[in-house]
Each structure stands twice: as structure tokens, then as C-alpha cells.
Amino acid sequence: MNGRTRIVVDATRCQAYGLCVAVHPDVFDVPAGSPIAVVLRDVVDADDVADVEQAVRVCPAQALSLQSAGDR
Amino acid sequence: MTPPRAAVIAGASAAGLAAADGLRDGGWTGTITVLGEERRPPYDRTMLSKGLLVQPAAQPLPLRTPEQLAERGIDLQVGHAARGLDIDRRLVVTGDGGVLPYDALILATGSRPRTMTTVDGLPLPGLGTVEDLELLRDLVDAARTVTLIGTGFISLEIAAALRARHVQVTVLGADTLPLAGCLGDQVARWLWDQHRTHGVDGHLGRKVISVGGGPGDFLVHLEDGSVHHGDVALAGIGVVPCDEWLIGSGVRRRGGVLCDAAGRTGVPDVWAAGDLARTDGESPGQTLGFGHWTNAVEQGRNVGLNVARGEANAYHGPRTFWTEQYGHTIRSIGTREPGDLDETVEGDVASGEFVVLHHGRDGTWHGVTACRRDRALRGYRRLLLARAPLADAHALARQQLSSPTS
């Protein structure tokens with residue numbers, strides 16, 4: 001585990017509530033007119049992981065998941 | 001060989017499921033049984049009053065897939081409600097008369113809409129479940145006019161959804177300005193103006209005395225003697241805890257189940273999570289809840305972690321909620337205390353893009369409300385979590401204005 005994580009948005013679930021944006025706007029955004037959240041940088045540093053994990057947990061649509069990006 | 005330890009979670013709520021995840025994340029190796037009253041798997045309730053009422057047939061999304069539950073060893077039993085508790089023998093009594101032994105019990109049965117009945121005893125529909133949503137859709141399809149009793153968030157979200165369906169809506173309630181207590185006067189006035197602009201009729205500042213009539217012509221009587229007709233009358237007058245099944249159990253209740261910030265009820269190995277749970281507030285007799293989505297999830301998870309690890313860590317996350325009305329998403333973090341000043345520090349309330357701080361006259365900072373400034377909120381949330389002074393919030397606002405992030 002090198003602390004790098006890939007974030008996946010499930011487009012079939014996301015409701016663009018934007019809770020993730022309020023939790024970590026450097027990583028998530030819901031651009032004007034977008035029906036779903038977008039990930040601004042899909043690999044985050046260990047520093048960001050706590051907030052990103054919170055965003056994953058509090059998503060009412062449960063549209064976010066984390067995958068280990070693996071060693072590279 | 002001793003049998004595995006059994007964790008029972010009463011209530012397949014957002015908090016209950018988060019507690020189950022917290023148990024596993026905390027290393028719980030025993031069984032986890034989640035009891036849900038509804039016959040369907042738990043779903044995203046926040047959608048009921050937001051997007052779903054506008055749409056003719058869409059269903060809310062389930063909170064967990066069967067695969068996710070199986071992978072984590074969570075036994076979800078739907079249509080199987082907790083109905084009683086024996087704290088001496090450590091048994092939960094279920095709706096079918098069965099008993100379920102527990103080593104740890106997490107109470108997470110949540111809340112339901114407060115009901116209101118007509119003078120003839122006919123209950124007015126509310127909005128708390130998928131069944132309520134389906135009933136409301138059918139009623140609204142056939143209605144030209146809807147009278148909404150209550151001026152809380154759910155009620156106003158329903159009003160906005162009904163206007164999108166071109167139904168005539170009248171909102172009745174005792175508050176002169178809806179949501180002023182939690183959003184502050186300026187934001188509340190702006191939001192109510194959106195309702196007026198979209199054609200919602202309001203008769204506010206007058207209590208509802210009684211509701212007469214029935215389907216097709218309800219008559220709502222206000223304290224000023226006025227009578228309001230509606231094809232349909234809906235009640236959006238807040239929620240009550242689903243805790244009557246605990247009457248006589250020995251678990252302390254006052255507007256919900258009383259617990260400490262770690263979630264302990266005072267009864268050994270019985271914990272409380274989410275909407276049902278109340279902690280003592282700072283003033284005598286005051287209790288605080290975790291009734292909003294984010295807090296229910298985070299506090300529930302914290303209880304699960306505590307149970308698994310044998311710890312009693314307190315949950316102190318700031319209260320967080322959001323509402324969507326007419327395409328505007330308003331988010332609040334922290335609280336607005338009675339008498340607070342509301343200071344706009346970014347944007348302009350009238351423009352629908354703003355950050356407003358709520359603070360006491362003595363400068364104690366309590367919370368923040370924002371619209372179209374989602375990207376600004378992370379900083380304020382972190383400051384509130386750290387109980388930072390108002391000066392830090394002012395400094396953050398100055399910094400964000402000089403280098404806008406959105």
C-alpha cells in the first residue's frame with residue numbers, strides 16, 4: 001500500500017447532490033449543468049484520504065468508491 | 001469453543017448501516033444482524049422530497065447492494081422489526097415473536113414524519129417512505145390544489161417539487177418566515193421569495209387549529225378564523241423518533257434515546273445511533289440529535305467503531321445539512337443559535353451565491369450557510385470542527401475572496 005487511491009464515480013447512481021464537493025472541493029466537482037460529480041484528480045495523496053473517505057461514506061446515493069491504484 | 005459474539009442493529013437506517021460498516025472497519029469478527037421494519041432493502045430517503053416527487057415513476061436507490069452486504073458479512077433482515085428489548089437477558093424481541101440474543105445492541109430505528117389527523121380522524125399524508133411517495137404522486141396527479149401544513153425543510157422541498165408539476169400550492173404555518181431560525185433572516189427571506197416567485201401562496205404566522213373535510217376538499221382552519229381549501233392536504237410538521245418499542249425497557253428516552261457523545265445509552269452494551277439518538281445539550285433539559293444525513297452516517301459509524309474496539313470515543317462532527325429548492329442547493333454546517341447575527345462574508349444573498357456566518361453578539365462563531373459556494377465550505381467545516389474563533393472564519397473568507405476557488 002503506497003497510500004495512493006483511485007476514486008470511482010458510479011454514473012448510474014450519482015445524483016449530483018454535491019456533498020462530496022463540500023467535503024473535498026480539490027478532488028470533487030459538480031460543474032454547472034453536469035448531471036454527475038466529476039473527479040478532478042483521481043489519485044489522491046495520503047493527506048487527502050481522510051476527507052475523501054468521508055465523502056465516500058456520506059454520499060446518500062453511495063455513488064463513490066475507492067480502489068487502490070496499486071504500485072507504479 | 002465459544003460462539004461468535006453477536007451484534008444486533010435495530011433499524012436498517014443510514015445510521016444503522018453505517019454502524020454495521022463501522023463494526024467491520026473496527027475489526028468486529030462476530031455476527032452482525034440488521035433488523036429493518038420496511039419490507040424493501042433500505043434506500044436513499046433524502047431523494048424522496050428532493051428529485052423524486054417531481055418524477056412520475058423513479059424509485060430511490062438502495063443504500064447497499066446484496067453483494068456489498070455479503071462481502072462484509074452483514075445479515076440484513078427486512079420486514080423484521082425490533083418490537084421489544086429485555087436488557088437483563090440481552091434479547092431483542094422481533095415483530096414475528098422471535099427473540100434475538102445480543103452481545104452488543106445498536107439502536108438505530110430512526111424517526112418518521114409527525115402525523116396529523118382531520119377532525120374526523122383521517123390521517124393526512126406525509127413523506128417518509130417510498131409508499132408515502134407513491135401515494136403522494138397518485139394524489140398529486142389528480143389534484144389541482146395542494147395545501148401544505150408546516151414550513152420545515154421537507155415541507156418547502158415538497159412545495160418546490162409540486163410547483164415543478166404545476167400544482168397550485170398553499171403553505172400554512174405558524175412561523176412568519178420559514179426556516180429563519182436555522183438559516184437566518186436574510187437567507188430565509190431570499191428562499192421564501194423564490195417560493196413566491198414560483199407561485200407558491202403562503203399564509204404564515206398563523207397556527208393551524210383544525211383540518212376538516214376529506215379527499216377532494218380539505219378545509220384547513222387557521223387561528224385567525226380563515227379557512228383554506230385544497231384538493232389535497234399534506235402534513236410536513238417535523239418528525240418523531242421511532243422509540244415507542246423501547247417503552248418500559250429501561251433505556252432512557254426523552255425525545256429519542258438519550259446517549260452520550262460516544263453513543264452509550266447507560267444500559268450495558270446498548271448504544272444509540274442516528275436520528276433516534278439524543279445527547280444532552282449545554283443547557284439543562286436540552287437534547288441534541290443527529291437527525292441530518294451526514295451526522296447520522298458519521299455518528300453511526302463512530303458507534304460501530306467504538307463497539308468493535310471496546311472504546312468510547314466521542315463524536316463531535318458539526319451538524320451538516322442541505323436542501324434543494326428550485327435548483328438552488330443550500331448547505332449549512334454547524335448551528336445557528338437563537339439571536340445569532342448573520343454576516344455575509346462571500347457573495348451576496350440576493351444573487352443566490354453566498355457564504356453567511358452565524359455568530360453570537362459576543363463573537364462566538366456557531367455555523368455557516370452557503371449557496372453556490374460548495375468549494376468554499378471545506379475550510380469552514382475544518383474550522384468549525386476545530387472550534388476556531390470567528391476571526392479565523394473572517395480570515396478564511398478574505399483569503400478565499402482574494403483567490404476564488406470557484
Side-chain angles (χ1 to χ4, degrees), chain A residues 1-70, chain B residues 14-15 17-18 21-22 25 42-48 50-52 58 60-65 68 292-302 304 317 320-324 327 329-333 353 355 368 370-382 385 400 404-406:
Chain A
M1 181 75 190
N2 64 354
R4 288 154 70 88
T5 307
R6 180 175 293 275
I7 304 158
V8 179
V9 179
D10 182 341
T12 65
R13 298 189 63 97
C14 180
Q15 303 291 314
Y17 288 138
L19 269 72
C20 52
V21 184
V23 174
H24 203 330
D26 299 337
V27 173
F28 301 101
D29 193 18
V30 180
S34 170
I36 63 163
V38 297
V39 176
L40 300 176
R41 42 170 225 256
D42 66 356
V43 176
V44 295
D45 301 329
D47 277 359
D48 294 321
V49 167
D51 275 358
V52 169
E53 284 177 346
Q54 186 185 15
V56 171
R57 287 196 299 271
V58 304
C59 174
Q62 295 285 294
L64 303 174
S65 57
L66 300 181
Q67 295 174 358
S68 173
Chain B
L17 292 173
D21 282 339
D25 289 346
Y43 49 87
D44 174 10
R45 267 175 223 282
T46 66
M47 291 178 82
L48 294 175
K50 295 186 168 72
L52 282 180
L61 292 163
L63 292 177
R64 300 287 186 280
T65 62
Q68 284 174 316
H292 296 289
W293 179 271
T294 306
N295 301 96
V297 168
E298 293 296 89
Q299 190 260 351
R301 172 183 165 79
N302 185 60
T320 303
F321 69 84
W322 87 106
T323 182
E324 291 174 24
T329 301
I330 299 170
R331 299 183 202 280
S332 273
I333 302 175
E353 182 173 342
V355 175
V368 57
C371 190
R372 282 176 64 194
R373 288 273 172 161
D374 292 353
R375 305 179 62 75
L377 282 172
R378 187 187 191 208
Y380 295 106
R381 180 171 58 83
R382 292 188 151 199
L385 195 56
Q400 298 199 138
T405 53
S406 58

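Sequence lines set the chain letters: A, B, ... in the order given, protein chains first and strands last, and positions in each chain run from 1.
Interface check for chain A: of the options B:Ala14, B:Pro60, B:Pro62, the most heavy-atom pairs under 4.5 Å are formed by B:Pro62. Most heavy-atom pairs under 4.5 Å with chain A, from the set B:Lys50, B:Arg64, B:Gln68: that is B:Arg64.
For B:Glu324, the salt bridge (charged side-chain N to carboxylate O under 4.0 Å, His left out) test picks out no residue, with sequence neighbours left out. Annotation: salt bridge (charged side-chain N to carboxylate O under 4.0 Å, His left out) contacts of A:Arg57 (sequence neighbours excluded): B:Glu298.
Smallest separation of non-hydrogen atoms from A:Pro60 and B:Trp293: CA-CZ2, 3.3 Å. Across every non-hydrogen atom of B:Arg331 and A:Ala22, the tightest pair is CD-CB, 3.9 Å. Scanning all heavy atoms of the two residues, the minimum distance from A:Ala61 to B:Leu61 falls at CB-CD1, 4.2 Å.
With a 4.5 Å cut-off on non-hydrogen atoms, B:Arg301 touches chain A through its side chain but not through its backbone. Interface remark: A:Phe28 contributes backbone atoms only to the contact with chain B (heavy atom separation under 4.5 Å).
Residues B:Arg378 and A:Asp26 form a side-chain contact, since some pair of their non-hydrogen atoms from C-beta on lies under 4.5 Å apart. B:Asp44 places none of its side-chain heavy atoms less than 4.5 Å from the side chain of A:Arg13. Counting only heavy atoms from C-beta outward, the side chains of A:Gln62 and B:Thr65 never approach each other to under 4.5 Å.
Once rounded to the nearest 0.5 Å, the distance linking CZ of B:Arg381 with CG of A:Asp51 reads 4.5 Å.
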